[in-house]
Amino acid sequence: MGSGLVTDINLSQGSMDAILKNPFYYGEMQWKNKLYPHKHPTLISKELYIQVQKVKEGWNKKPFKWASKPFVFRGLITCGSCGCMITGEKAKKKYVYYHCTNYHKKHSKSEVEWIKEEHFVEQISDMLKGLIMPDKALQELTDALRKLHEDESDYFKRNIVTLEQELGRIKNRLEVMYEDKLEGRITNDMYDKKALEYMKKRDDIVIQIENHTKADSDYYVEAKKILDVSQRAYEIFKSSEDEEKRQFLTFILQNSILNERKLDIALRKPFDDLLSCGQQQNWSGREDSNLRPDGPKPPALPTEPLPASSLRSSA
């Protein structure tokens, strides 16, 4: 029988589940319902292990299903009078109208106004056009982001060195304590209590190091993507299909309220700052601008990933 790599392994669902739940791969082994550090090379990080457990926990949860009709403004607008959602309906199988659900029955039937989708599209389009920056201002902000990234990169690297030194000290303490337990110099209970404390500190430091490393490499790239999306927001919205339009608006909108046929639009950061500067013609960097190149920092990036439609359109 020849030796070689096994390329076709069939694992049962139970076996795969046991592998995914095994803490051994990130550096701990389980013995009598307790975790102990081991000295074998790790295959994954503790943070990745935690992320896998979160995914597993939500795997069997049934997602909420909206109506199958792809209304662009579905779930994005509330009524300014009663606070209920604005919902969409089709008329004559081709026209889309929106109206207040009137869930709280604060409007009479005659007071509920039906508004064509094009009316909302026009207002959103005008707002998105306001995100477009002049080329000179865009270059200045890009240069500011690059400079900020260089400064923060030095900061992250210094912090990582300090954290790695502390991580080394904790690992040494755990090894010494384990030897002391084997030699009987400390009791099992004493070891368990102190080891748990040190392992928690170790895990916190590992996560900090990974976050610092990720922030160091990702910030400028993500900030540049945000600027690119902002510049092409109107084009992306105009050229996307209805469901992609809705996903894109969900990404950039924080809340929209309908008051007498007019949308009061609130954007997520940093799009709100970009729009505010555009409305004030403040791209060049007045003192009250959060976007000026000599300011303390550019606007914070959103925490949600970019929608697929924006990435595809800006590629």
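Note that the structure is predicted; figures quoted are calculated from it, not measured.
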Would Leu258 and Glu113 count as a side-chain contact (heavy atoms from CB on, under 4.5 Å) if you check the C-alpha gap in whole Å, the side-chain angles of each, and the deciding distance to 0.1 Å?
CA-CA 11 Å; Leu258 180 62; Glu113 188 173 11; over 6 Å; no
* In sequence, state the C-alpha distance, the side-chain angles, and the governing distance for Thr101 and Cys84, and then conclude on side-chain contact (heavy atoms from CB on, under 4.5 Å). => CA-CA 6 Å; Thr101 59; Cys84 295; 3.4 Å; yes
Next on the checklist: Could you walk me through whether Ile124 and Lys245 satisfy the side-chain contact (heavy atoms from CB on, under 4.5 Å) test, starting with their C-alpha distance in whole Å, then the side-chain angles of each, then the deciding distance to 0.1 Å, before giving a yes or no?
Outcome noted: CA-CA 11 Å; Ile124 291 291; Lys245 279 184 170 71; over 6 Å; no
- Message: Apply salt bridge (Lys or Arg N to Asp or Glu O under 4.0 Å) to residues Lys201 and Asp204 and explain how you reach the verdict.
- Response: CA-CA 5 Å; Lys201 290 181 180 180; Asp204 289 343; over 6 Å; no
| Does the pair Glu89 and Tyr97 meet the rule for a side-chain contact (heavy atoms from CB on, under 4.5 Å), with working shown? | CA-CA 5 Å; Glu89 290 189 29; Tyr97 287 84; 5.7 Å; no
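Under the 3.5 Å distance criterion, the side-chain polar atoms of Gln231 are matched with a main-chain donor or acceptor of Met133. The main-chain N or O of Ser108 is found under 3.5 Å from a side-chain atom of Glu111 such that the two form a donor-acceptor pair. Under the 3.5 Å distance criterion, the side-chain polar atoms of Arg74 are left unmatched by any main-chain donor or acceptor of Glu243.
Note on Leu20: it clusters hydrophobically with Leu43, by side-chain heavy-atom contacts below 4.5 Å among ILVMFWY residues. Residue Phe73 is not grouped with residue Tyr103 when hydrophobic side chains (ILVMFWY) are merged at heavy-atom distances under 4.5 angstrom, including chains of intermediate members. Put simply, Ile77 and Ile257 are part of two different groups of oily side chains (I, L, V, M, F, W, Y) that touch within less than 4.5 Å, one to the next.
Atom CD1 in Ile186 sits 12.5 Å away from atom NZ in Lys193 (nearest 0.5 Å). The CG atom of Leu267 sits 11.5 Å away from atom CZ of Phe251, with the distance rounded to the nearest 0.5 Å. The CD1 atom of Ile19 lies 13.0 Å from the CZ atom of Phe24; values are rounded to the nearest 0.5 Å. Separating the NE2 atom in His38 from the CG atom in Leu174 is a distance of 12.5 Å, to the nearest 0.5 Å. Here the straight-line distance linking atom CG of Leu76 with atom CD1 of Ile86 works out to 11.5 Å at 0.5 Å rounding. The distance from the CD1 atom of Ile207 to the CG atom of Leu48 is 11.5 Å, given to the nearest 0.5 Å.
At least one side-chain heavy atom of Phe237 sits under 4.5 Å from a side-chain heavy atom of Leu249. When side chains are defined from C-beta on, Pro37 counts as touching Arg202, because their heavy atoms get closer than 4.5 Å. Looking at Phe248 and Val229, their side chains come closer than 4.5 Å, going by heavy atoms from C-beta outward. Proximity of Asp272 to Gln254: side-chain heavy atoms (C-beta onward) are nowhere separated by under 4.5 Å. Using a 4.5 Å cut-off on side-chain heavy atoms (C-beta onward), Ile252 and Leu128 make contact.
Using a 4.0 Å cut-off between charged nitrogen and carboxylate oxygen, Glu164 and Lys171 do not count as a salt-bridge pair. Using a 4.0 Å cut-off between charged nitrogen and carboxylate oxygen, Lys269 and Asp273 count as a salt-bridge pair.
Considering all non-hydrogen atoms of both residues, Leu253 and Ser256 come closest at CD1-OG, 3.7 Å. For Phe271 against Ser230, the heavy-atom pair with the smallest separation is CE2-CB, 4.1 Å. Here the shortest heavy-atom pairing between Thr78 and Asn255 reads OG1-OD1, 4.2 Å. Ile205 and Ile170 make their closest contact through CD1-CD1, 3.6 Å (heavy atoms, listed as atom of the first residue, atom of the second, distance). Contact detail for Phe71 and Arg246: the closest heavy-atom pair is O-CD, 3.5 Å. Residue Cys82 comes nearest to His104 through the heavy atom pair O-CD2, 3.9 Å, listed as atom of the first residue, atom of the second, then distance.
Atom CG of Asn172 has more than 12 heavy atoms from other residues, nucleotides or ligands within 6.0 Å. The 12-atom threshold is not exceeded at OH of Tyr178, counting heavy atoms of other residues, nucleotides or ligands nearer than 6.0 Å.
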For residues 114-121, which side-chain donor-acceptor pairs fall under 3.5 Å, sequence neighbours excluded?
from	atom 1	to	atom 2	distance (Å)
Glu117	OE2	Tyr98	OH	2.6
His119	NE2	Gln123	NE2	3.1
His119	NE2	Arg261	O	2.7

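Identified under the salt bridge (charged side-chain N to carboxylate O under 4.0 Å, His left out) test for residues 175-189, with sequence neighbours left out: Lys39-Glu179, Asp180-Arg185.
Figure legend: Lys194 and Tyr198 shown as a cation-pi pair, the cationic atom lying under 6.0 angstrom from the six-membered ring centre and within 45 degrees of its axis.
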